[in-house]
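Some notes on the structure that comes next.
Because the structure is a prediction, the values reported are computed rather than measured. Just so you know, ligand 1 is whichever comes first in the structure, and atom 1 is the first atom listed for that ligand.
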Amino acid sequence: MVDLGWGNEKASKFVTNVGLITTDGPDGPDIMAAEWTYYVSWSPALITVHLSGGKAGKATARNIVASEEFGVSIAAEGQNVLSSIAGGSHGADVDKMAVIKEMGFEFYKGKHIKPMLVKGAAINAECHLKEIVEVGDHTMFIGEVMEIEAHADKKPLAYSFGKYYGLGEQIQKPEQDVLDKIEQLKAKHAKKK
Ligand SMILES: Cc1cc2nc3c(=O)[nH]c(=O)nc-3n(C[C@H](O)[C@H](O)[C@H](O)COP(=O)(O)O)c2cc1C
């Protein structure tokens, strides 16, 4: 069995967003950073968040289990400090929302859920819990999106192997002559039916 535990170099080429997951429940208003935040279905629109520690491990998990809702704010460039606070301590020990506010960041109230959302994020989504699924050593919280806003002027923060990045230059799709060549090869290797 292969172990790709935290910090394993073989996982170093994965690039993700940073989801700032906001919740409100028995542990009080809370926020955590989750690089394993994915958009997995168009209709219904579903976002998954994958947490270590099981259903009772993290304050975020306990809050979602109890309240059946959570906010997903996709961190924008410039929110790396906020992400480090959200991911750097446990909601059971520290009121991270208060720390983040004192660092000058702001939250706002959404339309459908109690947890606040992060102002200035690249995307803000309000989710109702649809299902909890155990996936290997992580617990997947599947949220149905009730409301979502994307902010064209905000670029998402990228995260890879423990480091933050900005999105670089756009890489162009293949030129027409390369596309023509691909079409010729597809015709040559078409499967007979
Ligand atoms: C950038 C970043 C990404 C993280 N991604 C995840 C993740 O995807 N899943 C996870 O379980 N923990 C992740 N963490 C760790 C949690 O944010 C951390 O355990 C946090 O203290 C949990 O907060 P809570 O106890 O208030 O829920 C990440 C931390 C950072 C800094």
Side-chain donor-acceptor pairs of residues 87-98 under 3.5 Å, sequence neighbours excluded:
residue: Asp95; atom: OD1; partner: Met97; partner atom: N; Å: 3.3
residue: Asp95; atom: OD1; partner: Ala98; partner atom: N; Å: 3.1
residue: Lys96; atom: NZ; partner: Ile31; partner atom: O; Å: 2.9
residue: Lys96; atom: NZ; partner: Ala86; partner atom: O; Å: 2.9
residue: Lys96; atom: NZ; partner: Ser89; partner atom: O; Å: 2.6

| Contact check, side chains of Pro26 and Asn63, non-hydrogen atoms, under 4.5 Å |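 They are in side-chain contact.
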| request: Would you check ligand 1 and list the protein residues that come within less than 4.0 Å of it by any heavy atom, ordered by chain and number? | output: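 Answer by chain and number: Asp30, Met32, Ala33, Ala34, Glu35, Trp36, His50, Leu51, Ser52, Lys58, Ala59, Thr60, Ser83, Ala86, Gly87, Ser89, His90, Gly91, Lys96, Tyr159, Tyr164.
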| field | Euclidean distance, Glu69 CD relative to Thr23 OG1, rounded to 0.5 Å | value |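 Rounded to the nearest 0.5 Å, the OG1-CD separation comes out at 9.5 Å.
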| Shared-cluster residues of Ile21, by chain and number - hydrophobic side chains joined below 4.5 Å |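 Result for Ile21 is Met32, Ile47, Val49, Leu51, Ile64, Val65, Phe70, Val72, Ile74, Ile123, Leu129, Ile132, Phe141, Val145, Ile148.
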Atom pairs and distances, donor-acceptor, side-chain atoms in residues 168-183, under 3.5 Å, two or more places apart:
residue: Gln176; atom: NE2; partner: Asp180; partner atom: OD1; Å: 2.9
residue: Glu183; atom: OE2; partner: Lys186; partner atom: NZ; Å: 3.1

| query | Which of parallel (below 30°), tilted (30 to 60°) and perpendicular (above 60°) describes Trp36 and His50? | reply |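 Judged by the thresholds at 30° and 60°, the geometry between Trp36 and His50 is perpendicular.
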